[in-house]
Q: 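Input: one structure, supplied below.
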Amino acid sequence: MSGNYILLFLIVWPMLGGLMSFLAGRVSKRLRDYTADVVALVELATACRLGYCLGDEQASFLHIDGFCALGLSFKLDGFRFVYLVVIAFMWFAATLFSREYLAHYRNRNRYHLFVLWTLGAIVGVFLSANLYTTFIFFEIMSLTSYIMVIQDETREAIRAAGTYLAVTVIGGLVTLLGLILLYAQTGTLDMALLPIATASMLNRSELYLAGVLIFVGFGAKAAVFPLHVWLPTAHPVAPAPSSALLSGVLTKSGLFGILVLSTGIFLHNALWGLMLMVLGVSTMVVGAVLALFSVDIKRTLACS
C-alpha cells in the first residue's frame, strides 16, 4: 500500500473497525473486545509503519477532490507523525484497559463503536493539510466523543454531556464563520499557503477577527479559559478510559488548531502572542485553583 493511501487507511480503518466491533458484540462480548483490540493494534502498527514514508514527498500528501468544492487534503510530516503515534498508542492502551473497566457497564457495543469512530476522526484532524479538512474532522470528532461522556447515562453524565455538546456546537459554528472570513480574505485555507497569503495583507483588522473566531472553536476543545467549563464536569462522569482520551488526546486537537493559527497566520505577531500568554496563564491559574478545591480525583486531574 502506498504512503498516500496509508493516510486514508488510518482514517477509514477505525471507522470500519467500529462497525465490525459493534456487529461482533451482537454475537459475542469476547469477540467484540478482541475485535476492538485488533483494530487499535493495527492502527498503531500502521502509524509506526508510516514513518518510513517521511522521506518520500509523493507519499506524504493526499488530496481528495470533489468534497464540497474545496476537497479534503492530508499530509504527513515529522510533527504529525509524532502526534499520530502517540494517539494510536494511547488509544490502544485505553482499549485494552476498557475490557476490565467496563465489565459491568451497559451499552458496551455502542461505546466501542463511537470510541473507534472518534479515533478515525481525530487522526483526520492531525493529518489534515488545510483548515477546511481540519474543521470537518474536528466536528465529527466532537459529535462522536459526546457518547464517551454520556456513557453512564446518569443525571450528572447527561448534564455534563449537554454542556460539552453545547460548547462544541457553538464553538464549531463560530469557527466556521471565521474560516469563511479567512477564505474570503486570502482565497485559501491550505496551511502551507496561508503564511504567504497573509504576509502581504495591509488591512489586518479583518484577519484578526477571522483568527479570533477560529480560535474560539479550537480553544473550547483545548479547554482554554473561559471556555473550559465542559472539562471539569465531563471528566468525573466519563468512564476512566474515556477520561484518559479526553485529557490526553482530544484536548490536544484544540492545541493543534491553535498552533496552526499561531505559526501559519500570526507568526511573530506580538498582539496575538500577548493574547495567548494572557489566556494561557489564566487557564493555568484557574485550573490550579479549581484542582486545589476539588474532592474528586478525576475532577482534580481534569483541572490540572
Q: Closer than 3.5 angstrom, by distance alone: can the side chain of Ser21 be matched with the main-chain N or O of Leu113 as a donor-acceptor pair?
A: no

Q: Can you check whether Phe266 and Tyr208 have ring centres sitting under 6.0 Å from each other?
A: yes

Q: Quick check: is Ile196 connected to Tyr183 through a chain of hydrophobic side chains (ILVMFWY, heavy atoms under 4.5 Å apart)?
A: no

Q: Before giving the answer on side chain to side chain contact (heavy atoms under 4.5 Å, CB included), spell out for Leu246 and Thr251 the whole-Å C-alpha distance, their side-chain angles and the decisive distance to 0.1 Å.
A: CA-CA 6 Å; Leu246 284 170; Thr251 54; 5.8 Å; no

Q: Okay, side chain of Thr163, backbone of Arg159: is any donor-acceptor separation there less than 3.5 Å?
A: yes

Q: When you compare the side chain of Phe79 with that of Leu259, does any pair of heavy atoms fall below 4.5 Å?
A: yes

Q: Which atom pair, heavy atoms only, marks the closest approach of Ile150 to Ala161?
A: CB-CB, 3.7 Å

Q: Any non-hydrogen side-chain atom of Trp117 less than 4.5 Å from a side-chain atom of Ile147?
A: no

Q: Do the side chains of Ile265 and Thr186 get nearer than 4.5 Å, heavy atoms only?
A: no

Q: Leu8, Phe138: one ILVMFWY side-chain cluster at the under-4.5 Å cut-off?
A: yes

Q: Kindly compute the distance separating OG1 (Thr144) from CG (Leu119), expressed to the nearest 0.5 Å.
A: 9.5 Å

Q: Which atom names give the shortest non-hydrogen contact between Thr198 and Gly264, and what distance separates them?
A: OG1-O, 4.0 Å

Q: Specify the closest pair of heavy atoms between Ala47 and Leu10, including all atoms of both residues, with the distance to one decimal.
A: N-CD2, 3.9 Å

Q: Parallel, tilted or perpendicular: which one describes the rings of Phe126 and Tyr83, with boundaries at 30° and 60°?
A: parallel

Q: To the nearest 0.5 angstrom, please state how far the CD1 atom of Ile87 sits from the CG atom of Leu44.
A: 11.5 Å

Q: Is Ser98 close to Arg108 at the side-chain level, that is, under 4.5 Å between some pair of heavy atoms?
A: no

Q: Applying a strict under-4.5 Å side-chain criterion to I, L, V, M, F, W and Y, I'd like to know whether Leu173 and Leu182 cluster together.
A: yes

Q: Is Leu279 reachable from Val286 through a run of I, L, V, M, F, W or Y residues, each pair having side-chain heavy atoms under 4.5 Å apart?
A: no

Q: Contact between Thr118 and Trp91 at the side-chain level, heavy atoms closer than 4.5 Å - yes or no?
A: yes

Q: Looking only at heavy atoms, what is the nearest atom pair of Gly17 and Val39, with distance?
A: CA-CG2, 3.6 Å

Q: Is Asn107 reaching over with its side chain to a backbone N or O of Arg110, donor-acceptor style, under 3.5 angstrom?
A: no

Q: Can you confirm whether the side chains of Tyr34 and Ser28 place a donor and an acceptor under 3.5 Å from each other?
A: no

Q: Which heavy atom in Glu139 sits nearest to a heavy atom in Thr168, and how many Å separate them?
A: OE1-O, 4.4 Å

Q: When you check the gap from the basic side-chain N to the acidic O, do Asp33 and Arg30 get nearer than 4.0 Å?
A: no

Q: Would a 4.5 Å heavy-atom cut-off, applied to side chains only, mark Phe137 and Ile11 as touching?
A: yes

Q: Looking at CZ of Arg26 and CG of Leu23, how far apart are the two atoms once the value is rounded to the nearest 0.5 Å?
A: 7.5 Å

Q: Find out whether Val115 and His112 are in side-chain contact, i.e. whether some heavy atom of one side chain is under 4.5 Å from a heavy atom of the other.
A: no

Q: Would you say the side chain of Leu255 lies within less than 4.5 Å of the side chain of Lys252, judging by non-hydrogen atoms?
A: yes

Q: Do Phe92 and Phe114 sit in the same hydrophobic cluster, where Ile, Leu, Val, Met, Phe, Trp and Tyr count as joined when their side-chain heavy atoms come under 4.5 Å apart?
A: no

Q: Please work out which of the three classes, parallel, tilted or perpendicular, describes the rings of Trp13 and Phe9, given edges at 30° and 60°.
A: parallel

Q: Can you confirm whether the side chains of Asn109 and Arg32 place a donor and an acceptor under 3.5 Å from each other?
A: yes

Q: Quiz question: by atom type and distance under 3.5 Å, do the side chains of Ser128 and Thr133 form a donor-acceptor pair?
A: no

Q: Can you tell me how far CG of Leu213 sits from CG of Leu179, rounded to the nearest 0.5 angstrom?
A: 9.5 Å

Q: Which residue, Ile258, Leu261, Leu271, forms the side chain to side chain contact (heavy atoms under 4.5 Å, CB included) with Leu276?
A: Ile258

Q: Which heavy-atom pair separates Ser145 from Lys221 by the least distance, and what is that distance?
A: OG-NZ, 4.5 Å

Q: Nearest 0.5 angstrom please: Asp37 CG to Arg99 CZ, how far?
A: 4.5 Å

Q: How long is the span from the CG atom in Leu176 to the CG atom in Leu131, to the nearest 0.5 Å?
A: 12.0 Å

